[in-house]
Amino acid sequence: MSEPHSPAFDTDILIAGGGLAGATLALALAHRLPQLRVTVVEAFPLSPDARPEDYQPSYDARSTALAWGSRLIYDDLGLWSALSPHATPIRRIHVSDRGRFGATRLSAEEHGQDALGYVVDNRLLGLALMRALGEQPAVSWKAPAKVVGVEPLSEGVTARLEQDDESSSLTARCLVVADGGRSGLREQLGFNVETSEYGQNALIANVTFSNPHDFVAYERFTDAGPLALLPRGKPGRAGREAALVWTLADAALEETLALDDGERLARLQARFGWRLGRFVKMGECAHYPLTLTTVQEAVRPGIVLVGNAAHTLHPVAGQGFNLALRGLMTLVEAFEQATASARPLGDIAVLQGYQARHRQDQRDTVRFSDSLIQIFGHHSRALSAARDAGLVGLDLVPGARRWFARRAMGLGPNAAGRSAGKRS
């Protein structure tokens with residue numbers, strides 16, 4: 001039984017934030033609940049005529065690592081065909097501890113798959129989502145626009161919008177806050193945010209080296225923090241480019257940014273080593289402080305936080321966006337169940353049910369990512385020896401390596417996205 005539309009509501013689902021998370025949720029709702037009206041409010045102008053097939057990647061394009069489970073989600077939503085020609089597969093992952101003998105290697109071949117994950121340019125992913133959403137008549141956009149205030153209703157909310165220097169209001173059965181880790185709307189609504197500072201920063205850049213990457217992603221733990229290289233390039237040919245995530249303390253970040261190009265490459269070479277030959281180029285650098293941010297109660301009557309507005313992770317294991325995707329699909333399932341039983345979409349029991357199902361996945365993923373930082377962040381001789389034994393153990397024991405690989409692929413036992421899990 002479908003929930004009847006009420007003339008008292010302008011839209012069924014209002015999504016504040018049209019980035020990767022918000023746009024993915026809109027597409028999932030259009031596929032799974034096409035009878036619902038979805039409105040997306042995005043602060044930045046959009047280019048509805050831009051097409052993913054016309055995308056020309058730049059050297060400095062920022063990218064996202066999509067786990068295998070996330071690839072299956074986008075496949076189910078009909079988006080993977082647009083992404084796959086530009087998605088660089090991660091066929092192996094090499095995890096090591098700098099200066100120690102311990103290492104582990106994960107391989108897609110062990111799992112009978114083409115890849116453990118993929119590296120996709122953010123802009124390409126955004127263009128593909130915009131193109132797909134443009135074909136969904138139940139999804140409407142307001143951009144550039146912002147949600148600047150929210151008032152509760154008995155079975156939904158009234159949102160105050162600002163667009164083109166004009167104010168308006170919109171009523172919705174449920175408001176989904178998807179405006180990112182620095183969510184101004186989350187702050188305005190007074191959600192309690194718990195933040196742990198790592199005392200580190202992520203320096204992001206694309207780099208070129210002399211040897212082909214052979215579609216291997218590297219996670220290198222050093223005494224100054226983890227360093228990751230994710231392969232980039234055309235899917236059918238092993239290139240010599242990678243997306244770099246370099247963890248640096250505040251002072252080290254300032255020193256590194258002050259270096260000239262050659263000095264910065266030499267410092268990177270010293271931290272990573274020579275597995276990929278000589279580093280020959282580093283592109284434009286960006287950086288941001290690293291924190292673990294969670295919102296324990298991310299739902300209220302008629303309101304739910306998703307994506308980075310609900311949780312941000314250390315990028316060490318590349319799990320943040322993949323966790324967000326699984327959460328989005330769990331939320332869609334909750335809306336499906338509510339619609340089938342004619343319950344209000346913003347009913348607190350509906351949203352709490354979503355949160356309970358997603359919370360275990362969130363806790364497991366946070367524990368997985370955070371434990372890597374804690375374990376590899378200490379440098380006592382005894383702990384270093386234990387790390388070596390652990391990494392060697394993962395490499396030698398198939399069951400342990402499979403567990404680690406499934407976490408990395410976003411296919412943990414408590415992960416959402418059940419349709420993806422069934423196909424793995």
Side-chain angles (χ1 to χ4, degrees), residues 19-21 23-24 27-28 52-53 55-59 61-95 105-129 131-132 204 206-207 212-219 228-245 307 313 315-326 328-329 365 369 404-412 415-417 419-421 423-424:
L20 299 183
T24 299
L27 183 62
E53 54 266 37
Y55 175 62
Q56 296 296 322
S58 71
Y59 183 81
R62 297 294 176 243
S63 53
T64 291
L66 296 178
W68 178 260
S70 297
R71 174 250 166 95
L72 296 182
I73 289 173
Y74 279 128
D75 205 9
D76 288 340
L77 297 180
L79 200 70
W80 188 248
S81 60
L83 298 178
S84 60
H86 310 278
T88 306
I90 299 173
R91 298 206 169 106
R92 287 177 288 157
I93 299 175
H94 184 277
V95 183
R105 299 160 183 83
L106 311 178
S107 170
E109 189 176 5
E110 275 188 77
H111 303 273
Q113 297 174 179
D114 295 332
L116 296 168
Y118 299 84
V119 181
V120 180
D121 285 358
N122 291 351
R123 187 165 178 268
L124 172 70
L125 180 51
L127 287 174
L129 285 164
R131 178 74 179 273
I204 309 295
N206 291 328
V207 295
H213 53 58
D214 292 328
F215 305 106
V216 179
Y218 291 89
E219 191 73 59
L229 286 168
L230 305 175
R232 298 185 75 233
K234 294 183 178 179
R237 179 169 56 88
R240 292 176 167 84
E241 289 183 17
L244 167 70
V245 182
L313 280 62
V316 59
Q319 293 295 304
F321 184 64
N322 298 292
L323 172 64
L325 280 183
R326 297 195 299 271
L328 296 176
M329 299 311 294
T365 305
S369 298
F404 191 87
R406 287 185 66 81
R407 294 304 311 177
M409 289 187 289
L411 298 175
S419 61
R423 295 166 54 188
S424 63

* **Candidate pair Tyr74 and Leu325, rule side-chain contact (heavy atoms from CB on, under 4.5 Å), full reasoning** => CA-CA 9 Å; Tyr74 279 128; Leu325 280 183; 3.5 Å; yes
* **Side chains of His86 and Val120 in contact at under 4.5 Å (non-hydrogen atoms)** =>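 Side chain of His86 against side chain of Val120, heavy atoms only: no contact under 4.5 Å found.
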* Min side-chain heavy-atom separation Leu129-Thr24 under 4.5 Å ->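 Yes, at least one pair of side-chain atoms sits under 4.5 Å.
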* Would Lys234 and Thr88 satisfy side-chain contact (heavy atoms from CB on, under 4.5 Å), going step by step from the backbone distance to the final call? -> CA-CA 6 Å; Lys234 294 183 178 179; Thr88 306; over 6 Å; no
Can you name the closest pair of heavy atoms from [X] and [Y] and give their distance?
{"X": "Val216", "Y": "Pro231", "answer": "O-CD, 3.6 Å"}
{"X": "Leu230", "Y": "Ala217", "answer": "CD2-CB, 4.0 Å"}
{"X": "Ala82", "Y": "Pro85", "answer": "O-CD, 3.7 Å"}
{"X": "Pro89", "Y": "Ala115", "answer": "CB-CB, 3.8 Å"}
{"X": "Asn322", "Y": "Ser70", "answer": "OD1-OG, 2.5 Å"}
{"X": "Ala132", "Y": "Leu79", "answer": "CB-CD1, 3.8 Å"}

What's the separation between atom [atom1] in [X] and atom [atom2] in [Y], rounded to the nearest 0.5 Å?
{"X": "Ile73", "Y": "Trp80", "atom1": "CD1", "atom2": "CH2", "value": "11.5 Å"}
{"X": "Arg123", "Y": "Leu127", "atom1": "CZ", "atom2": "CG", "value": "5.0 Å"}
{"X": "Leu77", "Y": "Leu27", "atom1": "CG", "atom2": "CG", "value": "5.0 Å"}
{"X": "Leu106", "Y": "His94", "atom1": "CG", "atom2": "NE2", "value": "10.0 Å"}
{"X": "Leu66", "Y": "Thr64", "atom1": "CG", "atom2": "OG1", "value": "6.5 Å"}
{"X": "Arg237", "Y": "Phe215", "atom1": "CZ", "atom2": "CZ", "value": "8.5 Å"}

* For Arg232, salt bridge (Lys or Arg N to Asp or Glu O under 4.0 Å) partners two or more places apart -> Asp121, Glu241
* Show your working on side-chain contact (heavy atoms from CB on, under 4.5 Å) between Leu83 and Leu125 and close with a plain yes or no. => CA-CA 7 Å; Leu83 298 178; Leu125 180 51; 3.7 Å; yes
* Hey, is the main chain of Tyr59 close enough, under 3.5 Å, to the side chain of Asn206 for a donor-acceptor pair? ->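 Checking the backbone N and O of Tyr59 against the side chain of Asn206, a donor-acceptor pair under 3.5 Å is found.
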* Asked: Does the pair Arg92 and Asp214 meet the rule for a side-chain contact (heavy atoms from CB on, under 4.5 Å), with working shown?
  -> CA-CA 9 Å; Arg92 287 177 288 157; Asp214 292 328; 3.8 Å; yes
* When the ring planes of Tyr118 and Trp68 are compared, do they come out parallel, tilted or perpendicular, using 30° and 60° as the limits? ->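 Correct class here is parallel.
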